[in-house]
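Reminder, nothing fancy here: chain letters follow the sequence lines and each chain counts from 1. Keep in mind the model is a prediction, meaning the values are calculated, not measured.
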Amino acid sequence: MKSEPDEASIDDALAADKQTVAWTGVRNYQARNFMRDQMQIGDGVLFYHSGCARPGIAGIAQVASNSYPDPTQFDPKSPYHDPKSSPDHPRWLLVDVRALKKIRLIGLPELRAEAELADMLVLRRGNRLSITPVTTREWCHIVGKIANVKEVLTE
DNA sequence: GCCAACGTTGGC
DNA sequence: GCCAACGTTGGC
């Protein structure tokens, strides 16, 4: 899951109440559908920093709720306000994400250098989706590169 | 700041 | 339903 660290970084998430943040602002149907249809509580999340000097995986997190309507869509003062959405028929959903651990930044050059990660959707040329699924193989490969990560992974 | 890539919008 | 124009993303 991508986030701009200026807006919501892994540090921000770790500092939040229960280390949990609501993943507001997703305004892409495919990304929304991943949260609605694919994610389950407890699923592992790679917390990716984008739109910054050193983009890459900055932390490990987990899905902490089922999907529910993103409140920012109803707030006229929010940059994520969607006048075409209504509480009766909410268009945009989010999940809560619990940060588990900040890791050494695994930057894009390192990710691209790994043959095991060659098919990762987030690395695809032209990919603009802020949420992409990760295969078990990709997950295990990345987690295997991180020191002292077992303590935060329960399954 | 540039630009490739892609999603969305809206006229027809 | 097509598709050109436009806006956004995001790495560089």
Side-chain angles (χ1 to χ4, degrees), chain A residues 1-16 19-39 43-135 137-146:
Chain A
M1 298 178 81
K2 292 183 195 171
S3 180
E4 297 188 13
D6 286 349
E7 210 169 322
S9 69
I10 184 73
D11 292 309
D12 296 332
L14 282 168
Q19 294 79 53
T20 299
V21 290
W23 208 261
T24 54
V26 171
R27 295 295 181 267
N28 172 283
Y29 289 103
Q30 216 178 335
R32 180 203 67 181
N33 293 348
F34 285 139
M35 292 194 285
R36 187 188 61 191
D37 304 330
Q38 307 289 129
M39 290 187 179
D43 282 353
V45 172
L46 300 171
F47 198 116
Y48 182 97
H49 284 176
S50 69
C52 55
R54 294 175 63 222
I57 299 169
I60 299 293
Q62 66 182 179
V63 176
S65 77
N66 293 312
S67 63
Y68 62 95
D70 180 344
T72 64
Q73 72 195 302
F74 309 126
D75 178 1
K77 288 172 296 193
S78 168
Y80 300 123
H81 180 233
D82 183 349
K84 293 179 184 168
S85 188
S86 72
D88 288 344
H89 296 280
R91 180 177 294 194
W92 304 112
L93 304 173
L94 54 68
V95 296
D96 292 339
V97 174
R98 176 172 303 124
L100 297 176
K101 184 180 179 63
K102 182 179 185 177
I103 63 171
R104 73 174 178 87
L105 189 98
I106 305 177
L108 265 186
E110 180 176 353
L111 293 170
R112 292 197 193 285
E114 307 274 348
E116 293 87 344
L117 307 178
D119 296 328
M120 265 192 99
L121 291 175
V122 73
L123 303 179
R124 278 235 186 119
R125 174 183 174 84
N127 168 63
R128 282 168 37 200
L129 269 181
S130 63
I131 299 175
T132 47
V134 176
T135 66
R137 179 164 177 263
E138 291 159 352
W139 171 268
C140 291
H141 183 78
I142 289 167
V143 165
K145 298 160 68 71
I146 305 168

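- Salt bridge present: A:Arg104 and A:Glu110 bring a charged side-chain N and a carboxylate O closer than 4.0 Å.
- Taking each heavy atom of A:Trp139 and A:Ile60 in turn, the nearest pair found is CH2-CG2, 4.1 Å.
- Residues passing the side-chain contact (heavy atoms from CB on, under 4.5 Å) test with A:Leu123 are A:Leu108, A:Leu111, A:Arg112, A:Leu117, A:Met120, sequence neighbours excluded.
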If you restrict it to nitrogen or oxygen atoms, what contacts under 3.5 Å exist between nucleotides 8-12 of chain C and the protein, and what is each distance?
residue, atom, partner, partner atom, Å
C:dT8, O2, A:Arg128, NH2, 3.4
C:dG10, OP1, A:Lys2, NZ, 2.8
C:dG10, OP1, A:Arg128, O, 3.2
C:dG11, OP1, A:Tyr48, OH, 2.9
C:dG11, OP2, A:Gly51, N, 3.1

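- Between A:Asp11 and A:Lys102, at least one side-chain N (NZ, or NE/NH1/NH2) sits under 4.0 Å from a carboxylate O, which counts as a salt bridge.
- Side-chain polar atoms of A:Thr72 and A:Arg27 form a donor-acceptor pair below 3.5 angstrom.
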